[in-house]
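Here is the structure we will look at.
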Amino acid sequence: GPLSEAQREMLREPQARALGARYALGCWTRELEGERVALDHEGSVAGYQSLLLLLPGERAALAVLTNSWRGSALVRRVVRDLGLVPRAGRRGAGDEGVEPGRYALDGAEAIVEATRHGARITEVERDPVTGTRIARSAVAAEPLGDGVYGLAGGLLMSHRVDFPRPGVARVGWVALPRVGR
């Protein structure tokens, strides 16, 4: 390819931590069960969902493409069934940080409720074409460790929630400020 091994390695070097993983230049770097390292990047646009997951140590790759706005359920199942799940974290450690409330920004909204075992998250968004308000069913978010909570087990990065600073909830990719009290 056009890049040397040193240049490729530099692209995989983590630059920031978020949602229980590290972000490199264009992809997430995560430890999987079995002490394997994965690089991954999810995508979605106009009703399509995708995942590219690379296993550099095994010289293997997984690409999943769907043509459904609900495709992440299939992506999650493929990842789980292939055993490409994140290494179990320190469940419960640092997980007292659920900040209940309503969080919103530019048509995206999340209602966070603290529960005995983590949180319940209800996501609301506006259809960009019709402006219709779409509320998803509330989903349980279980502690994954270090203040990160997982929706549907948190297998995909887009199914994670954390509270990076007071008054902010990061639900998947979107950081939302708390509104009201």
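For the atom pair CG of Asp40 and CG of Leu156, the computed distance is 8.0 Å after rounding to the nearest 0.5 Å. Separation of atoms CG (Leu105) and CD (Glu109) is listed at 11.0 Å; rounding is to 0.5 Å.
With contacts defined as side-chain heavy-atom distances shorter than 4.5 Å, the pair Leu84/Arg36 qualifies. Using a 4.5 Å heavy-atom cutoff, the side chains of Glu31 and Arg22 are in contact. The side-chain heavy atoms of Arg170 and Leu19, taken from C-beta on, include a pair separated by under 4.5 Å.
Ion pairing between a basic and an acidic side chain is recognised when a charged N comes within 4.0 Å of a carboxylate O; Glu125 and Arg133 show no such pairing. One finds no salt bridge joining Arg120 and Glu142 here, because no Lys/Arg side-chain nitrogen approaches an Asp/Glu carboxylate oxygen to under 4.0 Å.
Under a 3.5 Å cut-off, the side chain of Thr29 and the backbone N or O of Leu39 do not form any donor-acceptor pair. Between the side chain of Glu123 and the main chain of Ala135, no donor-acceptor pair closer than 3.5 Å is present. Looking only at distances, no side-chain donor or acceptor of Glu58 sits under 3.5 Å from a matching main-chain atom of Leu55.
Between the side chains of Gln49 and Thr66, no donor N or O sits under 3.5 Å from an acceptor N or O.
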**Report entry** Working for side chain to side chain contact (heavy atoms under 4.5 Å, CB included), residues Met157 and Trp173
**Finding:** CA-CA 8 Å; Met157 294 303 295; Trp173 314 123; 3.2 Å; yes
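Taking the six-membered ring where the residue is Trp, Tyr149 and Phe163 present perpendicular rings, their angle passing 60° and hence far from 30°.
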